[in-house]
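Written below as C-alpha cells is the structure these notes are about.
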Amino acid sequence: MSASRKPEFSSSFLESYMHELMAVSDDEVLEGQDVNAINERANARIAVAGREAGRRRLAAARVRLQNQDRAVAAQSSASLEEIKAYLRDAANDGRVTLAARQLSDMSEADIRRLYSQLTQLQEDQGENE
C-alpha cells in the first residue's frame with residue numbers, strides 16, 4: 001500500500017516540461033534582459049550567502065570553543081599554580097615533548113586545556129602499556 005497517490009501523467013508531464021525548458025536557449029530565456037546585470041545580481045547573492053555562511057560557521061565555532069573551555073575548567077580540580085608546576089615538570093620529562101611555551105604568556109583556559117590534553121595522553125599511554 002505504498003503506491004503513489006499521484007496520477008501517472010503528472011510525472012511524465014513534469015518530465016516533458018523539464019526537457020522542454022532545458023531545450024530552450026539562454027538567449028530565448030533572457031530575451032530583453034541585461035545579461036551582465038543578471039550575472040552581477042547572481043554573483044552578489046552568492047557572495048552574500050557565502051559571507052553569511054562564514055559568519056554562522058564562525059559563531060558556531062566560537063560557541064564550541066567556549067563550551068570546551070568551560071568543560072576543561074570544570075574537569076580540573078587542581079589549582080592553576082599546581083597545573084603550571086605539573087606542566088613545568090612535564091616539559092623536562094623525557095616521556096613527552098612539549099613545544100617551547102612560556103606559561104606566563106598563555107591564558108588560563110589554554111593552560112588548563114594543555115594540562116587536560118597531557119593528562120589524557122598519559123592516561124591513554126598507561127592503558128596501552
Side-chain angles (χ1 to χ4, degrees):
M1 310 307 175
S2 63
S4 174
R5 295 180 186 221
K6 293 182 182 179
E8 286 297 319
F9 73 88
S10 68
S11 295
S12 59
F13 170 75
L14 290 176
E15 189 173 324
S16 66
Y17 188 66
M18 181 190 72
H19 287 296
E20 183 179 330
L21 283 175
M22 290 175 62
V24 176
S25 71
D26 292 345
D27 293 334
E28 288 180 67
V29 172
L30 299 175
E31 188 175 346
Q33 304 268 339
D34 182 13
V35 175
N36 292 330
I38 292 171
N39 283 335
E40 287 176 16
R41 280 196 314 263
N43 289 335
R45 288 178 183 157
I46 290 170
V48 167
R51 285 191 300 270
E52 180 62 25
R55 274 191 222 106
R56 289 180 183 180
R57 284 192 305 269
L58 181 59
R62 284 182 177 153
V63 168
R64 283 192 308 271
L65 185 59
Q66 288 172 349
N67 291 340
Q68 183 181 13
D69 286 347
R70 287 186 200 121
V72 167
Q75 287 175 356
S76 174
S77 61
S79 73
L80 186 59
E81 291 307 315
E82 291 172 330
I83 292 173
K84 285 182 178 182
Y86 180 84
L87 292 175
R88 279 188 215 102
D89 290 342
N92 296 321
D93 188 346
R95 294 177 294 162
V96 295
T97 302
L98 292 175
R101 295 187 172 139
Q102 294 292 336
L103 293 177
S104 60
D105 294 339
M106 296 174 65
S107 70
E108 181 178 345
D110 288 339
I111 291 171
R112 290 187 181 277
R113 187 177 311 111
L114 180 61
Y115 172 76
S116 176
Q117 290 171 346
L118 184 58
T119 55
Q120 182 65 44
L121 176 64
Q122 289 176 341
E123 287 175 15
D124 290 347
Q125 286 178 345
E127 292 174 0
N128 292 335
E129 291 177 3

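Numbering of residues begins at 1 and proceeds along the displayed sequence.
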Under 3.5 Å, which donor-acceptor pairs link side chains of residues 17-41 to any protein atom two or more places apart or in another chain?
residue: S25; atom: OG; partner: E28; partner atom: N; Å: 3.3
residue: S25; atom: OG; partner: E28; partner atom: OE2; Å: 3.3
residue: D34; atom: OD1; partner: N36; partner atom: N; Å: 3.4

CG-OH distance between L118 and Y86, expressed to the nearest 0.5 angstrom = 4.5 Å

message = Can you tell me how far apart CD (E82) and OH (Y115) are? Round to the nearest 0.5 Å.
response = 8.0 Å

inquiry  = As an exercise, state the distance from CG of D105 to CD1 of I111, rounded to the nearest 0.5 Å.
reply    = 9.5 Å

Return a table of donor-acceptor pairs under 3.5 angstrom between the side chains of residues 49-57 and protein atoms on other chains or two or more places apart.
residue: E52; atom: OE1; partner: R55; partner atom: NH1; Å: 2.8
residue: E52; atom: OE2; partner: R56; partner atom: NE; Å: 3.0

remark   = What one should report as the nearest heavy-atom pair of L80 and R112 is N-NH2, 3.8 Å

query = Looking at CG of L114 and CE of M106, how far apart are the two atoms once the value is rounded to the nearest 0.5 Å?
reply = 5.0 Å

